Amino acid sequence: MALEFISPEGLRLDGRRPAEIRQLRANLGVIDKADGSATFEMGNTKVIAAVYGPHEVQNRSQQLLDQALVKCEYSMANFSTGDRRRKQKGDRRSVEISLVIRQSMEAAIMTHLLPRTQIDIFVHVLQADGGTRSACINAASLALADAGIPMRDIVASCASGYLNNTPLLDLNYLEDSGGGPDVTIALLPKLDKITLLQMDAKLPLEMFEKVFELGNKGCVAIANYMRNVLLENTKDLAFARGVVKV
Amino acid sequence: MLQSKAFMKKTRRGQVVKVVREHYLRDDISCGAIFCQSCEKESACLSSSAPNILIVDTNVTLHHIDLLENNAIDDVVILSVVLEEVKNRNLSVYNRIRALCSNPMRRFFVFANEHHKDTFVKTMPGESPNDRNDRAIRSASLWYQKHLGQGPPILLLTNDIENKRKALQEGICTETVQSYVESLGRPELFDLVAQVCDSSLAEMDIEDSRPSKKKLIYPEHRPMSEITSGLQQRIFHQGKLRVNRYNPIEAYVNSESIDEEIIIYGRINMNRAFEGDVVAVELLPEDQWKEGNTLKLIEDEEDEVEEKVGLAPDSVDAAPTSLQAKPGDFGSKIGSRTCGRVVGIIKRNWHSYCGSLEPMPMPAGVGGAVNALFVASDRRIPKIRIQTRQLGNLLDKRILVAVDSWDISLRYPLGHYVKTIGDIGDRATESEVLMIENDINNRPFSEQVLACLPPLPWSVSQDDLKCNYREDIRHIRVFSVDPPGMYQIREANQMIEEFMLAANISVAEKILKHYPLCALLRRHPIPTPKMLEPLIRTAAAVGVKLDITSSKSLADSLDNALGNNDPYFNKLIRILATRCMTQAVYFSSGELTPPEYYHYGLAAALYTHFTSPIRRYADVIVHRLLAAALGLFKLPAVFHDKVQLNSLADNLNFRHRNAQMASRASVELHTLIYFRNRPTDAEARIVKIRSNGFIVFVPKFGIEGPVYLTPKAKDNNGEESCKNSADWIVDEEQQRISTRDGKRVYMVLDVVHVHIEVIEPQPNRSKLVLTLLK
Ligand SMILES: [Zn+2]
């Protein structure tokens, strides 16, 4: 029998309803050495991002005269999945995800304000339970904000899918392996601009629209959460510097 | 609220990994009571007028599903922890309880206790999963008591003594199923209550059979932990037990861990396993492999080993599975084959069975419970002991019985009465039995289904005419050739078949081109040379050489196998060929590679079923694919869901096979009724030689069955004597059997004359027998 991803009572395997995201957690400034850093958790998926820059371009030939050079490196801890397999660095999947993260960040960073500089983004998956791509983008986005790099908007990302004839938000690993389509969206919420849209299976247009709409809502919810985290952090900083008196 | 569940899991490659899963607890889960003041009521069904609101534990659900299905029981809370356990242990019960919960006429409510913040319980250190789940059930019961304080009292039904004791201690009202049913005061419900092992029964059973062999009849099943490690070390082998249809004390297990099929011989070695159970098997020492034949004769005197006369297979689709065509069906050597014994049952395949009670005298007194033995019509199923208070009503009826338990001290499993089908021998009853046995749903269409149809009377409307996907062909002269008339117009017949094949093939090509990953096609696997071996040997014995290099060459050589002025020769060879092949099956194109799409029987690279949407569901599916490929309709969602599409194809194959079996069984039933008062002599052809006889095909009636050369007389001890068998010499290579003096010789395809008559060796189990006319 096909696995029942949603019970007739409307609950998913982990107890969520179809349009609910997993528990979110985020921390800023977790790496002192970096100019900006953040961890981001979506349920059991946990990633850490560090940003260095803007600094001088290391390889002069790559320097851009009118904008900043953004580089991104994605990696995955060997202990991040259940089987703890040793993974090769620079495999196709990592290269692809690095590119995806870089492109969605480039769309948010005001690169024209920082010509002839370089920004390095490092993203590392500590624990993988579905939706790593989205968690990486969210962590990178917070780390960039933490580094004080000028951005048009924060980038928020969320995945959605379609199983048992139901659109589902924020798939975990079990649901991700259910064989259904998996749509990852990254959104600039204030501008209402999509910076990333990926889908790894076929889906008829009208169903895609529903799945897409759900993913979009997920992004908005995550963006609100991220904004609150940044706001709290700013308050904390202000408090630490004595700007705010209690 | 968030809980994390961590557990160890074995991957397919055998590694053990730790899995951590999130588990969210919620505060928005409804209790399901219509009268509740605080919960959301959209799906609520539990009524305030109920005498009790029942909560059932896992074992009660598993064993007493027949009782729960009775209308007398309602206002039941099914906890998600129970559903999960039931699902893991018995999928068919799970589907039945799910059906009850979704039936708007019943009041069964699923309470997601595992995700409710107040009812979830965490496993305590050292607590077994069973104990934890029992505690979860008690926790939910207690919550309901508090939550619905004003409503009908909550009653937990459990037969587990320990669970019951703890529940009482915690202040939960609880009863056993037996005492609850008794309190209802409805005697007709008693028969539905499942039987668990009871020592008084055990004693009685032993007295029944042999006083010398007191106490244990079967070996104990090994504990699950031992089985798991045994499977890992390949000391044990896991597989589905398949009982020989013709010889119920012989079974086979195919396991991935061993190349050969394992034979399980005798009831002791089968060790209480049922047809379809997933079992763990241990191989017997090699020197015991040869004892199979002698074992069968001494162990089980009442189960005669005999093949049934039945309908001969006449098409690729009707070909029996390899199992039914096993050479070892009767009287053949099994010495060289791997033998084993069942050491444990990993998953039971118990369900309800059709049959009748073994005749017995009516006991004195009225209304008391009586122990009776139930004999299933399916001979693969052992007799089942049931308790009934309505013996007089049941003795001449076909009834449905479910199995409950099988203790090592009991010769037969225990079960309970489910329902009466009708009078034995009645045509309608016996047909109903065939339907139930083959799992065919013949209930009237539901309201929802009928609502899909346009209202009657229907006629072509203006809208229909304007439709861009319809074409008016009423001006074309159309006639139909109904199957019964087909024999008269052979050419037309032939032509229609060719058109049908061409239509099916071209539709298959079209849908595959548009939907390479989700086209529903039909394939027929190429038989391996080993599968064709019996055919080649038989053909060679009568001087026909078959070329099996391709289906085309085989078809050609079958066409050329004419025999000398023998009208049936060709048909017989074809029957033998059909029997060597496996079934054609439906599949989704995304699951296989193009070479595997091949339909061997029709020698077609691609094939599907398209031409008969009014009688085959597969054709409806294919019509939808075609309509989408032509751009007329959108492709339905199911085609994008790989998992769902595969289960659809599996279900089509399962239903197709069941329909075939039912249709064959129905023809066999009518054949039996036809011959009941009409003993007949007819010409027959030998299709296979066996050690003590041969299998014949009777062309006039299309039936097939064994003819014994050595009468199977039973001596005083009830043991079969086969003293004559030494007088016959079998040459398997030449497919010939002869007397020692060579005076009588029978060869495959020879013409013999047989007498066909109906006998009743066991009450209520009449059967057709073929005897040789000298
Ligand atoms: Zn309530």
Side-chain angles (χ1 to χ4, degrees), chain A residues 1-17 20-25 41-46 79-85 127-131 161-167 170-175 177-181 199 201-208 210-211, chain B residues 1-6 8-9 11 13 15-26 28-30 32 42-43 78 80 83-84 87 91 94-95 98 101-102 109-112 114-117 120 515 517-518 590 628 634-648 650-651:
Chain A
M1 200 182 84
L3 197 56
E4 215 173 57
F5 287 99
I6 307 139
S7 71
E9 291 70 49
L11 294 181
R12 290 154 73 171
L13 293 166
D14 58 7
R16 284 183 289 160
R17 296 199 191 275
E20 290 177 346
I21 36 181
R22 290 174 283 179
Q23 191 165 72
L24 301 177
R25 282 198 201 96
E41 290 174 48
M42 302 173 82
N44 281 335
T45 294
K46 184 171 190 171
F79 54 80
S80 63
T81 55
D83 58 7
R84 298 188 293 279
R85 227 178 321 151
Q127 193 167 280
D129 185 24
Y162 190 79
L163 284 168
N164 298 157
N165 296 318
T166 318
D170 186 21
L171 308 184
N172 64 23
Y173 178 74
L174 202 64
E175 294 169 328
S177 350
M199 177 159 80
K202 281 190 184 176
L203 196 61
L205 203 58
E206 69 274 16
M207 261 183 274
F208 169 75
K210 280 185 204 151
V211 174
Chain B
M1 253 195 273
L2 183 65
Q3 283 286 335
S4 86
K5 274 201 298 196
M8 302 311 239
K9 187 181 157 191
T11 66
R13 269 189 243 116
Q15 291 164 301
V16 175
V17 295
K18 185 176 173 185
V19 180
V20 179
R21 281 195 194 142
E22 284 186 294
H23 190 93
Y24 289 91
L25 300 182
R26 323 184 56 95
D28 63 349
I29 290 172
S30 159
E42 201 195 290
S43 55
I78 303 292
S80 58
L83 270 180
E84 205 49 42
K87 189 178 180 180
L91 208 53
Y94 174 75
N95 289 332
R98 268 289 180 200
C101 296
S102 62
F109 182 79
V110 177
F111 179 66
E114 293 290 61
H115 288 288
H116 191 291
K117 69 178 174 53
F120 175 79
Y515 305 109
L517 293 179
C518 63
K634 276 180 287 190
L635 193 66
V638 56
F639 294 100
H640 299 291
D641 189 330
K642 234 173 110 173
V643 181
Q644 223 182 322
L645 193 59
N646 287 339
S647 71
L648 177 78
D650 288 348
N651 195 33

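Computed from a predicted structure; not experimentally measured. Throughout, a chain's letter reflects where its sequence line sits, starting with A, and its residues are numbered from 1.
- Not a single donor-acceptor pair under 3.5 Å links the side chain of A/Tyr162 to the backbone N or O of B/His640.
- Relative orientation of the B/Phe111 and B/His116 rings is tilted, given thresholds of 30° and 60° on the angle between their planes.
- Panel note: side chain A/Arg17, backbone A/Leu11; no donor-acceptor pair is recorded below 3.5 Å.
- Both the backbone and the side chain of B/Asp28 come within contact range of chain A, judged by heavy atoms closer than 4.5 Å.
- Counting heavy-atom pairs under 4.5 Å between each of A/Arg22, A/Glu206, A/Met207 and chain B puts A/Arg22 at the top.
- A distance-only check finds a donor-acceptor pair linking the side chain of A/Arg16 to the backbone of A/Asp170 [under 3.5 Å].
- Here A/Asp14 is the residue among A/Leu205, A/Asp14, A/Asn172 with the most heavy-atom pairs under 4.5 Å with chain B.
- Of the two parts of A/Gln127, neither the backbone nor the side chain holds a non-hydrogen atom closer than 4.5 Å to a non-hydrogen atom of chain B.
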